[in-house]
Participant: 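Just dropping this structure here.
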Number of protein chains: 2
Amino acid sequence: MRVTISDVARAAGVSKGAVSYALNGQAGVSEDTRRRILSTAAALGWTPSLRARSLSSSKAYALGLVVARDPRLLGSDPFFPSFIAGIETTLADRGYSLVLTVATKTGSEESSYRRLAHEGRVDGVILSDMRTNDSRIALLLELGLAAVTLNRPETPSPFPAVCMDDTEGISEAVQHLIDLGHTRIAHVGGSQHYIHGLSRRNAWANTLELNGLATDLFVEADFGAVQGVAATADLLGRANPPTAIVYANDIMATAGQAYAQQQGLRIPHDLSVTGYDNTEYAQYLTPALSSIGSDPLRWGSAAAQVLLNQLEGTHDGEDVVLPAPRLITRGSSAAPHGRNTTGSQ
Amino acid sequence: MRVTISDVARAAGVSKGAVSYALNGQAGVSEDTRRRILSTAAALGWTPSLRARSLSSSKAYALGLVVARDPRLLGSDPFFPSFIAGIETTLADRGYSLVLTVATKTGSEESSYRRLAHEGRVDGVILSDMRTNDSRIALLLELGLAAVTLNRPETPSPFPAVCMDDTEGISEAVQHLIDLGHTRIAHVGGSQHYIHGLSRRNAWANTLELNGLATDLFVEADFGAVQGVAATADLLGRANPPTAIVYANDIMATAGQAYAQQQGLRIPHDLSVTGYDNTEYAQYLTPALSSIGSDPLRWGSAAAQVLLNQLEGTHDGEDVVLPAPRLITRGSSAAPHGRNTTGSQ
DNA sequence: AGCCTTAACTAAACCGGTTCAGTTGCCGAT
DNA sequence: ATCGGCAACTGAACCGGTTTAGTTAAGGCT
């Protein structure tokens with residue numbers, strides 16, 4: 001049998017209530033008694049029962065994450081594993097756990113949130129992959145679930161946000177290519193339903209416009225390798241193809257780069273390429289992929305912290321802004337038409 | 001306020017206990033009363049409180065999955081997202097949830113299991129990535145946690161296993177290459193600490209020996225792209241290099257194939273290649289990658305089912321054997337030295 | 001001395017289920 | 001007619017905490 005609070009009370013010669021006060025740091029016991037209770041609790045090896053505590057305090061001591069993606073696409077995305085690992089570093093320290101749901105079919109996303117809320121599985125959820133006009137915000141308000149969002153949605157949201165600006169890195173990449181002498185710089189974007197698909201495109205377009213360059217070389221893809229190749233084929237097949245492509249993530253950049261090479265193009269001699277995410281394999285590609293190094297581990301850890309603080313009422317209401325990821329220049333980007341310095345291969 | 005069992009009892013004019021019996025299908029109420037109770041419960045919109053039920057029945061109504069991998073490696077593995085999605089299809093139907101833990105640092109794997117057990121977060125865990133002499137089996141016995149293993153470990157295990165034989169697909173791939181005329185067939189294996197790393201190597205070696213061929217062309221890697229490239233470089237740099245390489249997964253095959261192409265080899269003309277997992281992008285590579293199509297979705301669903309049955313005492317004790325994945329032949333494998341029929345490119 | 005306040009604590013209710021120990025009434029067996 | 005046995009149900013204990021209401025004793029103030 002496990003040691004209960006009553007065992008501690010009996011051993012310390014006090015009532016259950018006093019033990020509860022002592023253990024939770026509340027007023028109602030003298031310092032002497034508190035110390036005595038704490039030491040007997042430690043001596044008996046008492047640990048609180050999560051279930052009992054959940055019932056009486058109406059809390060789950062768990063956070064939820066609903067991942068709504070085609071699992072096949074999800075499989076190639078390096079974001080979530082690191083992100084989840086980051087969440088866990090925070091949660092484990094604070095005695096919380098993560099309840100993960102993968103919503104594959106349409107409509108199962110909403111029902112996942114409903115179920116988590118209705119069963120009281122979690123005290124709050126982390127919203128990732130924010131979309132334009134994201135219906136989840138109203139849903140969570142209806143359900144009364146706490147939440148934190150990754151980046152601030154463009155529609156009003158009462159939830160705190162943990163932000164990692166992705167426009168700066170994209171702008172940096174575009175400017176880097178312009179500085180190298182490129183004038184026809186394309187963008188293979190992610191789905192524009194996602195705010196990070198949209199914001200990356202906008203950053204690309206804005207930087208080009210600031211430099212007086214055209215913004216016609218855009219193709220929307222879905223962050224997956226297959227559509228990355230298709231978008232690349234589209235761009236390279238145009239009458240006046242780009243000399244550089246800024247991809248919205250490494251997967252599409254990798255696939256696009258491989259496609260271009262198979263078409264006989266030399267990289268970066270004939271085509272410069274940049275990615276986003278700084279995936280582990282990016283530096284091992286030939287040529288190594290210039291990329292923007294986001295930090296999902298830190299993002300996850302920060303998001304969990306903000307949400308826990310929010311639940312405990314210690315969050316100050318301000319959005320947390322993490323350092324913007326920076327461009328890491330590697331061999332895949334150089335001056336156009338052989339004016340590069342690194343050599344092609 | 002939510003509707004409780006007492007509300008239902010009052011409305012139906014019976015005691016709390018009777019309602020509990022009726023709702024759980026237990027003896028102790030007449031059929032008439034049961035129907036009346038059920039209909040009033042439905043009318044009031046009653047749903048059980050997970051927390052109250054957890055406390056009184058000492059169950060968590062949740063399963064655990066501890067993923068112990070370098071998160072960077074994990075990011076490129078398409079297995080887990082689909083696998084988790086499969087688990088969920090079963091769990092959601094039965095009112096269970098999944099508690100996910102990512103163990104990154106050494107030692108955190110064991111403490112993760114300890115925490116899940118000690119806090120009573122889960123009723124059982126799914127053991128994936130089985131290792132030779134897997135210490136988790138003894139650990140879980142000590143903790144008194146139920147479990148199911150993916151494939152049967154070579155050491156005695158009291159837990160049911162859900163098996164998906166991976167030797168058959170590898171043997172098929174090797175035989176396929178032999179039938180095409182290859183005699184120097186290499187294997188880039190995954191970590192040999194994993195039983196699926198070991199079994200794939202054994203299948204490769206056995207099939208070669210059955211055909212009287214040498215088994216010296218083996219390099220161990222870690223299932224990651226980077227080591228896949230290194231292993232490929234090792235093999236291709238040997239005095240008598242292989243004409244075909246059987247990789248233990250698609251990631252290494254993809255990276256290896258790209259490396260070989262960058263070295264000027266034509267695939268499949270100069271080198272045939274096969275993968276494992278049948279990743280979504282495999283069919284879009286140039287050439288499309290011959291691979292072995294495992295089914296993580298189904299595996300996850302089956303594993304969860306077996307574990308839930310085990311918890312409910314309705315599991316028959318037999319291991320569940322799922323259909324062995326088969327080889328899907330694509331453009332990356334052909335007869336050696338230009339005697340291929342599909343053409344190179 | 002008498003009254004009021006407050007700190008320190010106890011007893012009991014409560015969260016919402018499950019389950020055990022009785023109680024009642026009906027039936028068949030003797 | 002009487003007893004035993006069982007089905008059908010009730011009341012209360014129980015899971016292990018939190019929280020509220022109430023008790024006691026000490027100290028401050030007039």
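In what follows, every heavy atom counts, from backbone to side chain, and hydrogens, waters and symmetry copies are set aside. Each chain gets a letter, A, B and so on, in the order the sequences are listed, and its residues count up from 1. Being a predicted model, the structure only gives us computed values, none of them experimental.
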Participant: Using atom CZ of B:Arg34 as one end and atom C1' of D:dC9 as the other, report the distance to the nearest whole Å.
Facilitator: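 Answer to the nearest Å: 13 Å.
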Participant: Would you sort out whether A:Phe83 and A:Asp77 count as a side chain to side chain contact (heavy atoms under 4.5 Å, CB included), showing the intermediate values?
Facilitator: CA-CA 11 Å; A:Phe83 181 67; A:Asp77 190 338; over 6 Å; no
Participant: How would you summarise protein contacts on nucleotides 16-21 of chain C per nucleotide, using B for base, S for sugar-phosphate only and - for none, with heavy-atom distances below 4.0 Å?
Facilitator: BBBBB-
Participant: Partners of A:Ser57 by side-chain hydrogen bond (donor to acceptor under 3.5 Å, both in side chains), sequence neighbours excluded?
Facilitator: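 A:Ser57 satisfies side-chain hydrogen bond (donor to acceptor under 3.5 Å, both in side chains) with A:Tyr61 only.
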Participant: Side-chain N or O of A:Thr33 versus OP1/OP2 of C:dC9: is the shortest distance under 4.0 Å?
Facilitator: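 Yes, because at least one side-chain N or O of A:Thr33 sits under 4.0 Å from OP1 or OP2 of C:dC9.
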Participant: Between the two end axes of the helix from C:dA1-D:dT30 to C:dT30-D:dA1, each built from 5 base pairs, what angle do you get to the nearest 10°?
Facilitator: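 Computed angle between terminal axes is 60°.
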Participant: By nearest nucleotide on DNA chain D, pick out whichever of B:Ser58 and B:Val29 is the more 5' one.
Facilitator: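 Closer to the 5' end of DNA chain D: B:Val29.
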Participant: List the residues meeting side-chain hydrogen bond (donor to acceptor under 3.5 Å, both in side chains) with A:Arg114, not counting sequence neighbours, and say none if there are none.
Facilitator: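 Result, side-chain hydrogen bond (donor to acceptor under 3.5 Å, both in side chains) vs A:Arg114: A:Glu110, A:Glu142.
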Participant: Over how many whole Å does the gap from A:Arg10 atom CZ to D:dG17 atom P extend?
Facilitator: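 Going from CZ in A:Arg10 over to P in D:dG17 covers 12 Å.
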Participant: Who pairs with A:Arg136 by salt bridge (Lys or Arg N to Asp or Glu O under 4.0 Å), at least two apart in sequence or on another chain?
Facilitator: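 Residues passing salt bridge (Lys or Arg N to Asp or Glu O under 4.0 Å) with A:Arg136: A:Glu109, A:Asp134.
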Participant: Classify the side-chain pair B:Thr47/B:Arg2 by whether it contains a donor and acceptor separated by less than 3.5 Å.
Facilitator: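 Yes, a side-chain donor-acceptor pair sits under 3.5 Å.
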Participant: Rounded off to whole Å, could you give me the CG-to-P distance for the A:Leu50 and D:dC15 pair?
Facilitator: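 Whole-Å distance recorded here is 18 Å.
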Participant: Using a 6.0 Å cut-off, check whether atom NE2 of A:His193 has over 12 heavy atoms from anything other than its own residue.
Facilitator: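 Atom NE2 in A:His193 is not crowded, with 12 or fewer foreign heavy atoms closer than 6.0 Å.
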Participant: Under 4.0 Å, heavy atoms only, any strand: does B:Gly120 hit a base, just the sugar-phosphate, or nothing?
Facilitator: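 No contact at all - B:Gly120 keeps every heavy atom at 4.0 Å or more from the nucleic acid.
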Participant: Could you list the residues that satisfy salt bridge (Lys or Arg N to Asp or Glu O under 4.0 Å) with A:Asp319, not counting sequence neighbours?
Facilitator: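 In terms of salt bridge (Lys or Arg N to Asp or Glu O under 4.0 Å), with neighbours along the sequence ignored, A:Asp319 is linked to A:Arg152.
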Participant: Under the side-chain contact (heavy atoms from CB on, under 4.5 Å) test against B:Thr101, which residue among B:Ser108, B:Ser112, B:Ser111 passes?
Facilitator: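 Of the listed residues B:Ser108, B:Ser112, B:Ser111, the side-chain contact (heavy atoms from CB on, under 4.5 Å) partner of B:Thr101 is B:Ser112.
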